[in-house]
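Just so we're on the same page: letters track the sequence lines, and every chain starts at 1. Computed from heavy atoms alone, side chains included, the values below leave out hydrogens, waters and symmetry copies.
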Amino acid sequence: MKPFTYVRATSVAEASRMVVAGSAPLAGGTDLLGLMKGGIASPARLVDLGGIDGLNGWSRERGAGLRIGALTPLVDLETSDQLARHLPIVREALRDTATLQLRNAGTVGGNLLQRNRCWYFRDAAIQCWLKGGTQCFAKEGENEHHAIIGTARGCNRVAPSDLAPALIAHDARVTLTSTRGTRSVLLADLFTDPALHSREEHTLRRGEILTEVQVPESGLQRRGTYLKAMERKTWSFALVSVAVAARIRGGKLRDPRIVLGGVAPVPWRVEAAEAEIDGHPFSDDLARRAADLLLADAAPLAKNGYKVPLAKELVRRALARIAAA
Amino acid sequence: MPTVRPSGPGAVDVELDVNGIRTPLHVAPHTTLLDALREDVGLLGAKKVCDEGTCGACTLLVDGRAVYACMTLAVACAGRSVETVEGLARDGELHPVQEAFIAHDAFQCGFCTPGQIMSVVALLRATPSPSADEVMRAVSGNLCRCGAYPNIVEAALAAARKGKERP
Amino acid sequence: MEQLALVQGDDAEAWAADAVLTIVGRPQRRVEGAAKVTGRARYTHDIRLPGTLHARILRSPHPRARVRHVDASRALALAGVRGVLHRFNTPKTAFRGEETIFREEVRFVGDEVAAVAADTEAIAEAALSLIVVDYEVLPHVVDLEEAIDAASPRIDEKGNVLDADRYERGDVRKEFAAADVVVEGTYRTSTQLHNSLETHGAVAVWDGDQLTVYESTQHVFGVREGLRNALHLPLANIRVLCDHMGGGFGSKGGIGKYTIVAALFAREIGAPVRCVLDRHEENVAAGNRSATLQRVRAAGKDGRITAIAHESWSNVGQARWVADPTGPTKGLYDVPNVLAHAHRVLTNTGSLAAFRAPGYVEGTFALESAIDELADGMGVDPLALRRRHAGSQVDPVSKMRYSLKRLVDCYDIGAEEIGWSRRARGGLRGSAPGLRRGLGMASQLWSGGGTPPAYATVHLNPDGTAVVRIGTQDIGTGTRTVIAQVCAEELGIDVRGVRVEIGDTDAPYAPISAGSLTVASITPAVRLAAKDAREQLLDVASGVLEVGRAELRVEGGAVVSRGARTPIAKVFEDLENYTVIGKGSRMPNPDDIVLKTFGAHFAEVEVDPATGMVVVERVVAVHDVGRIVDPLTARSQVEGGVIQALGFALSEERVVDKPTGRVLTSGLETYKVPTVRDVPRIVVRFVDVPDTVANNVGAKGLGEPPIIPAAAAVANAVANGLGVRIRHLPLTPRRVLDALAAAS
């Protein structure tokens, strides 16, 4: 790790002021320090957010949805029985996220803002497109873990977070605060649209601090579940993951969401797939049609064609599970 | 009007509570808790195996929670309580988890052992009577290349059964 | 090769199968347990000598290049840098058949180019980036199958594919022509990385012309020999120490380039120098289990296996040897016609190092898969087919008799335990709709009889405690503990009264802790040393107690005669510091007898054809390795071997980028060793009959046997459950789904 200066912020405003070019905010550090040790990031200053009050914990006010502070350790969400009653998908998504030690240190904001795990991106000796180079090494290379859909020019990474698809399936929003003010965006919009050909993975602007996640009341009305396929039983990023959520009325799926992780540079949604099942009772056939629509544009690389049937199967199982619950 | 002044990149003073002992350190901000303990404090129980938060050999407790010391900055632990494997035995008497690890042969080369033990200690404090599944979840971030896993699970369950975990 | 061993005295009668032993054969806690659970155990990584400098190694960024020039001036100008070594300023230091540790032509990404010593590791690391190297980049090839292809760049003038070993018995060609059934399969295994948790490393310090090296090693004497060859020192001037070590699995058999770097810097600068690899270096430059491509043909006629032909190609990097995968094909089954042909394939990747049963793990997968395919083709139960070829008491290669072989017993025990009779062709229904369940098994052959030379001394102290000294090392297997047990048993004292001093070349020689050699090599020497000490004690006691020597024995720390017990301390009471020093050496193995270990693993798996997930539910591991000295550590050893094999079977794979030659899975997040949750229920059984012909303890080695058949058993179980055979390890979801897609 390259030396840096360190400062502990005591308020969001202070942190925002200090996160200038060359600085990075530090929360749990479980991703940032890895990037720094690997030579992928080398900020001259770390702004420790750990001393800021009010960003740790969650609350539920009737009618006002659920609010989760960005500095809440992942483990606190995972282990809260009370939260599991409001939004069980969070526990499902977090149980097999990273390891317990990383969930003890890692925070909600950090999880949503973590960078991708592409092994070319993570190798400092490889100047890939995302790091300012001219090509994606995975495209013709070792791409078994890479994206099958939604890739634009340049980059075949996949979105690694387990929490993001789960929260997006419940229409979560995030609050971003800077010295210029505060804005609220859909969590889905925190991830840069690959079509924009941007070398930023997130839409966070300079000086902005992710302070809070909100799940609206309507999102909490949905029943959701999260499934994740891994190369070992735990401590693996998803080969493919799926979050589904829907209101179940009269045995019918209403206002459904299907969000895939591990298949695209961003958590992957296709509205046509959701429309296909909206208002219908679950059936294997219905689920297959939705999965087919979700992956209609899939264009696997040489070594990741397996992700297509895997994703379709996980979608079918997840929908079956919420329909049966 | 900045109210807080950045420190570093040279060494700065911080004070940690290490195994109940106030421990002043003079370390650069980029020093990890693991390096600070191994190189400055001389506590060599936590091991450096991957140094990037993937293996668990440096697991210790910060404010009671199991974390990877290699992914924790020493300066960020100012004023916090750090517990390492060296702090478990009291007056020459092994902690019940340590005792159970020996009785159940829960290690071979022993390099992952301090980290495994700290993960189990943290578990038993929060969950004094864990299921085997809970034990496995608690130590699934602690890799053991010798494959002592079945005995680690047995040892943790045995220590729990003895119910002697000190608060 | 004739074994030449100079030994003193006579061997002891082997402990008989019905001998009443009170310590050997009973569960014993590890003697170093308290040190390991308290963090007190000191490993090479933990050596902290005052004034230590830190060395880091500059590694080639190219898979193949010529080093034309090295400019270290900017590195040397950095504050805190104390020296730089590279090929233009380093003395010749012999290393594994090469003249220098810094090659002119670097051969893989990670090959050593230069080294820096500095006041801190961070300064040394920073200095690496200041060294300017002029490389002439050369064409390269990293993939095994591409390297075999004649159109690929030749990285050695003799070509990339080199013959390693060819063996034939009978007439394979004739039997294939005459067979009822012939099966043929191409099997692939991936490069497995050892990932010992303690990386390779050394700390070197000179005192005048005396060199002391602390090294994480499986062979302190091997390190001493390597240093002698590299630095041309008398053996008396070299001392190598390894108190505790964090795993080796075959990869730590001798010195590394880091050892020489540390020793050279330490001599040049006059300070202790520590050179320890990081995890990524470990996984590119410290060895691996070769990836293999194997073709197996097997023929059957009249219900028997009549011929097997096995040809293999192994990606050895640049190594001058190959871990021959065809060993099991030659020796496991009594099959009259066998052809085996192993090839060594050179590539621009990190070279292999021995990895726990090198060759046998890979080869057993191919052989035992083919045997199952043949059984399917013949319409017979695969275990029944194996039984017909497993009972012979004669080694088919040497035609000599085995000292002891209980392979069929292993089959009986394992089949009963797993419930083999449930096995059905085409598999069983799983625990939920859509899931498939399968049973599979495979056999194990390995050596493990041990070897001379090995020497031990036992000092019996005036208080009745003892110190055993032997230059072995405990790599985590429990060596200290079995030494203490055998010593205490023979000497007649409490095992807690025995201190074991190992890991030091100033102690008597012992062989490498590898090849499942340790227990069968060293415990017979320890026993003889203890026996020598006991006999001297009885001589003294006879005089002191004025009782006939023949009427005395030692038991429970006391000299016992009819009706009287005299504690050893009491015997010695008036003799001041009289010390008994017993000596023992490992006797030669018997002539004209073959010492082998055998075993069988049975696996039950559940496979999800829709997701490609393979869940191993249960492994029954049965081994025939002679006497079990410590049932507690023996069980651990088997569980550990099975778990390492499961990683090889299901998730572990070195991935190398072909254009850049970079290892993409050099970290423990991408290189997936099993976690606690990947472990099935493992049932461990031993035949536990002492091999009284083999040595005076009756024990054979158990390090390697448990890793050998597990992957093959799992692969056979998966094939049974799925009805589709996947001939490429590891069996990741991707391979399973791709194979199912290809089959449908």
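- Proximity of the aromatic rings of C:H45 and B:F111 is defined here by a centroid distance below 6.0 angstrom, and this criterion is met.
- Ionic pairing of C:E652 and B:R145 is present here: one or more N-O contacts between side-chain nitrogen and carboxylate oxygen are shorter than 4.0 angstrom.
- Side chains of B:Q98 and C:T38 form a contact here, defined as non-hydrogen atoms less than 4.5 Å apart.
- In terms of heavy-atom proximity, B:K47 sits nearest to C:A41 at NZ-O, 4.1 Å.
- At a threshold of 4.5 Å between non-hydrogen side-chain atoms, the residues C:E639 and B:Y149 do not count as touching.
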Trace of the side chain to side chain contact (heavy atoms under 4.5 Å, CB included) decision for C:R279 with B:V49: CA-CA 7 Å; C:R279 178 59 39 193; B:V49 165; 3.3 Å; yes

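- Checking C:T633 against B:D105 by side-chain atom types alone, no donor-acceptor pair falls below 3.5 Å.
- Heavy atoms closer than 4.5 Å to chain B are found nowhere in C:R40, neither backbone nor side chain.
- The structure places CD of C:E32 at 6.0 Å from CZ of B:F107, a figure rounded to the nearest 0.5 Å.
- With contacts defined as side-chain heavy-atom distances shorter than 4.5 Å, the pair C:R635/B:N151 qualifies.
- Taking the charged nitrogens against the carboxylate oxygens, B:K48 and C:E198 have no contact shorter than 4.0 Å, which rules out a salt bridge.
- Interface remark: C:L197 contributes backbone and side-chain atoms alike to the contact with chain B (heavy atom separation under 4.5 Å).
- Across B:D35, B:L143, B:T84, B:V153, the residue that shares the most heavy-atom pairs under 4.5 angstrom with chain C is B:L143.
- Proximity to chain B (any heavy atom under 4.5 Å) is shown, for C:R681, by neither the backbone nor the side chain.
- C:P674 touches chain B through backbone and side chain together, each having a heavy atom under 4.5 Å away.
- When each of B:C146, B:A46, B:C112, B:G42 is scored by its heavy-atom pairs under 4.5 Å with chain C, the top score falls to B:C146.
- Interface residue B:E52: only side-chain heavy atoms are found under 4.5 Å from chain C.
- Comparing C:G647, C:G641, C:G476 by heavy-atom pairs within less than 4.5 Å of chain B, the highest count is held by C:G476.
- Shown here for B:P150 and C:V679, the closest heavy-atom pair between the two residues is CG-CG1, 4.1 Å.
- Contact annotation for C:L668: both backbone and side-chain heavy atoms come within less than 4.5 Å of a heavy atom of chain B.
- Residues C:V37 and B:H95 are not in side-chain contact: their nearest non-hydrogen atoms beyond the backbone lie 4.5 Å or more apart.
- With a 6.0 Å radius and a threshold of 12 heavy atoms from other residues, nucleotides or ligands, C:R48 has its CZ atom above the threshold.
- Side-chain contact check for B:L44 versus C:R42: some heavy-atom pair is nearer than 4.5 Å.
- If you take CD on C:E669 and SG on B:C55, they are separated by 13.0 Å, rounding to the nearest 0.5 Å.
- Contact annotation for C:D46: both backbone and side-chain heavy atoms come within less than 4.5 Å of a heavy atom of chain B.
- Heavy-atom distances place the side chain of B:E39, and not its backbone, under 4.5 Å from chain C.
- Contacts of C:H280 with chain B are made by side-chain atoms alone, with heavy-atom separations under 4.5 Å and no backbone atom involved.
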Check against side chain to side chain contact (heavy atoms under 4.5 Å, CB included), B:C109 and C:M245: CA-CA 6 Å; B:C109 82; C:M245 66 88 83; 5.7 Å; no

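- Both the backbone and the side chain of C:Q637 come within contact range of chain B, judged by heavy atoms closer than 4.5 Å.
- Judged by distance alone, with hydrogens and angles left aside, the side-chain atoms of C:K36 form a donor-acceptor pair with the main-chain N or O of B:Q108 at under 3.5 Å.
- Residue B:A57: no heavy atom, backbone or side chain, is found under 4.5 Å from chain C.
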